[in-house]
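Starting off with a structure, shown below.
What you are looking at is a predicted structure, and each value in this text was computed from that prediction instead of being measured. Along the sequence shown, residues carry numbers from 1.
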Amino acid sequence: MSSPVVLITGALTGIGRAAAIIFAREGAHIVVSGRRDKQGEELVAELQGLGAEAIFVRTDVRKDDDLRNLLWTERSSISDA
């Protein structure tokens, strides 16, 4: 069975970040999103350090184009998982 793909918006702080770390420890492929590139890349490095496959997609959930890009990227990662 392949690993689940988990998409977390608002993943850069608080409960979103905590959830990303928990899913990483469980072996999920993780797509994290938020508005701050540096924090997103730092979180991806942390998740990869835990052995997870993870990517960051810069997303402002108030913008339709950002949301479309996030979902397209997440669906692409499922086909690669």
Applying the 4.5 Å side-chain criterion to the ILVMFWY set and letting contacts propagate, would Val31 and Leu71 be lumped into a single cluster? yes
Full working for side-chain contact (heavy atoms from CB on, under 4.5 Å) between Ile30 and Ile55: CA-CA 6 Å; Ile30 305 167; Ile55 62 170; over 6 Å; no
Do the side chains of Phe23 and Ile8 get nearer than 4.5 Å, heavy atoms only? yes
With rounding to the nearest 0.5 Å, note down the distance linking OG1 in Thr9 to CG in Leu67. 8.5 Å
Is Val32 reachable from Leu7 through a run of hydrophobic residues whose side-chain heavy atoms are each under 4.5 Å from the next? no
Between Arg58 and Arg36, is the side-chain contact (heavy atoms from CB on, under 4.5 Å) condition met? List the steps. CA-CA 7 Å; Arg58 187 185 189 291; Arg36 296 184 280 308; over 6 Å; no
Taking C-beta and beyond as the side chain, do Val6 and His29 meet within less than 4.5 Å on heavy atoms? no
With side-chain contact (heavy atoms from CB on, under 4.5 Å) as the test, would you mind laying out the steps for Thr59 and Arg68 before giving the verdict? CA-CA 10 Å; Thr59 307; Arg68 277 190 279 280; over 6 Å; no
Please report the shortest heavy-atom distance between Gly27 and Ser3, naming the atom on each side. O-OG, 3.2 Å
Using side chain to side chain contact (heavy atoms under 4.5 Å, CB included) as the criterion, point out the one residue from Ile15, Thr13, Ile21 that pairs with Arg17. Ile21
Does Asp60 come within less than 4.0 Å of Arg62, counting only side-chain N to carboxylate O? yes
Could you give me the CA-CA distance, side-chain angles and deciding distance for Leu43 and Leu12, then say whether side-chain contact (heavy atoms from CB on, under 4.5 Å) is met? CA-CA 7 Å; Leu43 178 56; Leu12 305 183; 4.2 Å; yes
dist Asn69:CG -> Glu74:CD (nearest 0.5 Å) comes out at 12.0 Å
Assess whether atom CZ of Phe56 is packed by more than 12 heavy atoms of other residues, nucleotides or ligands within 6.0 Å. yes
Quick one, Glu26 and Leu50 - any side-chain contact, counting heavy atoms below 4.5 Å? no
Okay, side chain of Gln48, backbone of Ala54: is any donor-acceptor separation there less than 3.5 Å? yes
